[in-house]
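In the text below, chain A, chain B and the rest are named by the order of the sequence lines, each starting its count at 1.
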Amino acid sequence: MLLKELSNLCGVSGFEQEIRNFIKEKIKDKVDDIKEDKLGNLIAFKEGKNNKKLMLTAHMDEVGFIVSNIEEDGKISIIPLGSIDPRVVLGKKVVIGEKKVPGIIGSKPVHLMTGYEGISSFENIKVDIGVSKKQEAENKVKIGDFVSFAPNAMLHKDWISGKALDDRGGCSILIDLIEANIEPFYNTYFTFVIQEETGLRGSGVAANQIDPDYAIVIETTTSGDNPEFPEARRSSELGKGPVITPAHRGYVNDEKLFNFAIKVAQENNIPYQIKRRTAGGTDAARIAITTGTPSLVISIPSRYIHSPMCVANLQDYQNTFKLLSIIITKEVN
Amino acid sequence: MKELIKKLTTTPSPSGREEKIKQTILEELQGYIDGYKIDKLGNLIVWKKGKKEGKILLDAHMDEIGVLATYIDDKGFIRIEPIGGVSPYNLLGSSILFPEIEGFVGVEGETSEEMAKNIKNLDFDKIFVDIGANSKEEAESLVPPGTFGVYSSSFRDLGNRVVSKAMDDRVGCAIIIEVFRRSTPIYDLYGSFSVQEEVGLVGASVVAFDIQPDVAIAVDVTAHSDTPKGLKRISLELGKGPAIKIKDSASISDRRIVEKLRCLAEKNQIPYQIEILLRGGTNAAVLQRTRAGIIAGTLSIPTRYVHSPHEMIDIRDVENAVRLFKIFVESEDSIKL
Amino acid sequence: MDIKTILKNLSNLDGPSGYEYKVIEYIKTEAEKIPNTTNYVDNQGNLIVKREGKGKKIALFAHTDEIGFVITKKELGNYFRFHTFGGVDPKIVISQRLRIHTKKGIAYGVVGMLEPHLQTEEMRQRVLTFDDLFMDVVENSEYVSIGDLATFSSEAFELNEKYVTGKALDNRASCTTLLYTLYLLNQYVVENEVYFVFSVREEDGTSGASTSAYHINPDLAIVLDVTHGDIYRPGYPKIETGKGPVLDIGTMVDYKYFEKIKNIAEKISVNYQIEPNGEHSHTDTDRIQITREGIPTLLISIPLRYMHTPYEVVNIKDIEETARLLSYFIATGGE
């Protein structure tokens, strides 16, 4: 499991080089073919016994920001890439651009407030890189540089906390599946895609190069299992195993694949859960409308995704890996 | 025609689970097509060869809106999420048909004030489905999480007006079936019965990929303005004829299709209306941008109470749509735009 | 090439989304005056002008459609209800005379405002929507039917030498720029195969540029559109008319090509500006980039004031400089 290492790399949507290079190094000698396409998707191939094609995909990108302006006082204005609640960025460390210039997103001291204050948009959020003039800032960063939450992953006994578990969890599982040297049933494409968070932009381009018969998207998904959120509204729960999605925004998962995944879980005594909310979309929708491929989403449940501090359970990770490691050896029926 | 519509609208098949309606449509087309295929996503494509080279595609979506059972609580009450544009208000006082059982919708409210407030601002978090189960286990055995349901509703014949759930878009399917039954097409005629339109025009995004028709026309429902204080900016009335769509919020019909249909309707004295839909879209949007582009448009049936359990159409509009399409597919200059 | 006249002519032509014929025809006529080109109109109505060559395929895109209106209902008398093509602020239609294209010729519809003397305080404060508006067609109202298209009727003119104002400069300014670029290319030896796509339905409906990109499948796509100039946007750099082409940067732009075109601009002294984009650029770039197996894209914009109003404003110098940059860049093969 390389989840901690992957979490600590910076790969905001559109700037996935670091992730791609890391993954390529790890897997290139363990697959039959590997290539990088024009937009930066990484597609690795392992031959199976059956000529049909299975596309297994995870996205390399994490939510983050792009530098939109350098203000006169040297502060950096940012715009989000991906869906981010502005409240999660206050009081956080970030890094900017390939040189990883460190900065902080400060917040108004409580002493200077008359009551608690809210914050609703990114217009008032600035990154402080420790300079006081525009020219000084321009020597270090430029408009169009990515801004990533700073690496912060921590492994606790059965848990992991840190940024970007969505979807380094999926990437880590794909790497583990390759390193386990399992013989896949179908010709299998392990696809690490770009720009999922900014509109499911990489997976269709990758699917067009593969034209898969089946697709399974490995995501890290929402849960909501905390005391403030009513049980009836939760999406999934940590500790209850991989999450299998019946439907989400833009797509109803393929019935045959859905039932097949559940059957494999049941037959092999792997705990699993059915996702309870249909909010949010994944690359399954993009793949379905691009190549007409029946698709399914299987996810690791996680808390607080799209923030710099997500939490996931390592048993869920292992069970998700176990489920997929068996699925890829079987014929869909 | 009414019998056909009744058969199609009463078949339960929500987005993503279209097996039943697909079989029903195939049965109804038996003997009227030269061949069919079902693609990877489940779209049904049928065809009838013509005498000249050229292809016309008529598309309707097979799926209806519905709900997904997502969670059973300790007492056996079921939580649901919408599949497609189901408004929670349409479920109040009505019931849901799951494959094994019917369920009734209730609203949360720990006080009468809270109940009133919830009804004023209703969403799926505040409702639940009661199938009369005595325990979680009993409910799970009948409606396990991942089960799909549809509106529970019946077909009503009111004369010129007929009412049912799922007129959107079984009426489109019925029209295409009738066109296949009644026409001798000049060009190759294709019919696509697409999946998952209601959740995102999914099936139609790929359905025309291999066909590459010269012209594609989607057949779907549209809005109305002829009820008390109905939409004031448009003019669409039941019984005044099928509507030739200029635009909706997803696509602009190719003007050549608009003019061709209008011309044929006038020449053959078929009543028609001109449609601008302020909010909503059809499969024409994704047909139009298939590959290097397809000339596409939509012919619509004005419908009242769209996305409710009791959608109402005028059977004469349906008849006239079939007549117009028959003339279109039998006319030599249909694809010469 | 008389850029100002072409721009004004393009501005005065009516071509709302889906109905761009007259604009396409005019551009075709102008393109045919330029040697070393062939052209055709595809099944969606896009005009594609091609320069033969070999090796890397470069395609440039500019949409030809403008925002517009469509008649949706006839009220009693000469009044008509209408809807929009593309994003229009209802306020901007007030006290305008709209040009309606009917089957029997042009009719004019006035969108009037109730005189202030008769308005209540509540009416004065109201934020208007299109449900509140209607057209008053005093002459030839019998020609007008549901489905007829309408546009603004402002006539383009020069504001102070370098500035031109009129409707539809979004995106006729880019169309003019592409034509001028095509013209300038003949002063270089150009090896590559180059396509100039004057596309349909960007403002509304399904984009013609993306299906055209599918067909051409270029190695590099450059989209030309307009962007907001001379207006304060918090968190964004100041973009000014007269300061040259805007090179857009963001996740929908290929960073390697961005650096290349930036370097060329510096080499040939074209003053340029840089504009960041978040998840979407709201132009055809987003769709073109993810067509087929992916297409490296660039977005170049002309700064423009008062976007989507009857009197948009551009600086002619920006058109000239953008064409100068693009033609040189293409001549180097996009290197």
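- Taking every heavy atom of both residues into account, M115(B) and V107(B) meet most closely at CE-O, 3.6 Å.
- Within residues 134-152 of chain B, the residues having any heavy atom less than 4.5 Å from a heavy atom of chain A are, in residue-number order, P145(B), G146(B), F148(B).
- The closest side-chain donor-acceptor pair between Q209(A) and Y189(A), if any, does not fall under 3.5 angstrom.
- Only the side chain of F258(A) comes within contact range of chain B, with at least one heavy atom under 4.5 Å from a heavy atom of that chain.
- Not one N or O on the side chain of Q315(A) forms a donor-acceptor pair closer than 3.5 Å with the backbone of G241(A).
- Cation-pi contact between R291(B) and F209(B): present, with separation from the ring centre below 6.0 Å and deviation from the ring axis of at most 45°.
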>> Working note: R234(A) + E231(A), criterion salt bridge (charged side-chain N to carboxylate O under 4.0 Å, His left out); need CA distance, chi angles, decisive distance, verdict.
In response: CA-CA 5 Å; R234(A) 291 175 189 169; E231(A) 194 179 339; 5.1 Å; no
> Between H307(B) and D168(B), does a side chain to side chain donor-acceptor pair (under 3.5 Å) hold up when you go through it step by step?
Replying inline: CA-CA 7 Å; H307(B) 283 186; D168(B) 175 10; 3.0 Å; yes
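- The shortest heavy-atom contact between P301(A) and V243(A) is CB-CG2, 3.8 Å.
- With a 4.5 Å cut-off on non-hydrogen atoms, A279(A) touches chain B through its backbone but not through its side chain.
- Defined by atom type and a distance below 3.5 Å, a donor-acceptor pair is missing between the side-chain atoms of D220(B) and T282(B).
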> V129(B) and I96(B): side chain to side chain contact (heavy atoms under 4.5 Å, CB included), yes or no, with the steps?
Replying inline: CA-CA 8 Å; V129(B) 180; I96(B) 295 170; 3.9 Å; yes
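- Identified by a heavy-atom distance below 4.5 Å to chain B, contributing residues of residues 39-61 of chain A are lacking entirely.
- Heavy-atom pairs under 4.5 Å with chain B were tallied for A285(A), A232(A), P230(A); the largest tally goes to A232(A).
- For chain A, the option among N43(B), V202(B), D39(B) with the highest count of heavy-atom pairs below 4.5 Å is V202(B).
- A285(B) approaches L201(B) most closely through the heavy-atom pair CB-CD1, 4.2 Å.
- Across all their heavy atoms, T191(A) and A206(A) have their closest contact at CG2-CB, 3.7 Å.
- Contacts with chain B were tallied for I274(A), N253(A), N259(A), D254(A); I274(A) has the most, counting heavy-atom pairs under 4.5 Å.
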>> Let's go through R170(B) and D63(B) carefully: what are the C-alpha distance in whole Å and the side-chain angles of both, what is the deciding distance for salt bridge (charged side-chain N to carboxylate O under 4.0 Å, His left out) to 0.1 Å, and is it a yes or a no?
In response: CA-CA 8 Å; R170(B) 304 290 160 73; D63(B) 59 314; over 6 Å; no
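- The interface of residues 8-22 of chain B with chain A, defined by heavy-atom distances below 4.5 Å, comprises S15(B), G16(B), R17(B).
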> Can D225(A) and R233(A) be said to form a salt bridge (charged side-chain N to carboxylate O under 4.0 Å, His left out), step by step?
Replying inline: CA-CA 9 Å; D225(A) 58 343; R233(A) 298 188 197 175; over 6 Å; no
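- Under 3.5 Å, the side chains of N90(B) and S308(B) contain no donor-acceptor pair of N or O atoms.
- Chain B is approached within less than 4.5 Å, heavy atom to heavy atom, by A288(A), I289(A), T290(A), T291(A), G292(A), T293(A), P294(A) from residues 288-297 of chain A, ordered by number.
- Taking the centre and axis of the six-membered ring of Y71(B), the NZ or CZ atom of R276(A) falls inside the cone set by 45° and 6.0 Å.
- Ranked by non-hydrogen atom pairs under 4.5 Å with chain A, the options A204(B), S205(B), P82(B) are led by S205(B).
- Nearest heavy atom pair, residue E331(A) against residue F260(A), reads O-CE1, 3.4 Å.
- With hydrogens and angles left out, the side-chain atoms of S223(A) and S235(A) include no donor and acceptor closer than 3.5 Å.
- Between the side chains of Q195(A) and T198(A), at least one donor-acceptor pair of N or O atoms lies under 3.5 Å.
- Of the charged side-chain nitrogens involved, at least one lies within less than 4.0 Å of a carboxylate oxygen, so that D123(B) and K126(B) count as a salt-bridged pair.
- For the pair S236(A) (side chain) and K275(A) (backbone), a donor-acceptor distance under 3.5 Å is absent.
- Closest non-hydrogen pair, P242(A) versus T320(A), comes out as CB-OG1, 3.4 Å.
- In this structure, the portions of R277(A) lying under 4.5 Å from any heavy atom of chain B include both its backbone and its side chain.
- I80(B) does not touch chain A: none of its heavy atoms, backbone or side chain, sits under 4.5 Å away.
- With a 4.5 Å cut-off on non-hydrogen atoms, D125(B) touches chain A through its backbone and its side chain both.
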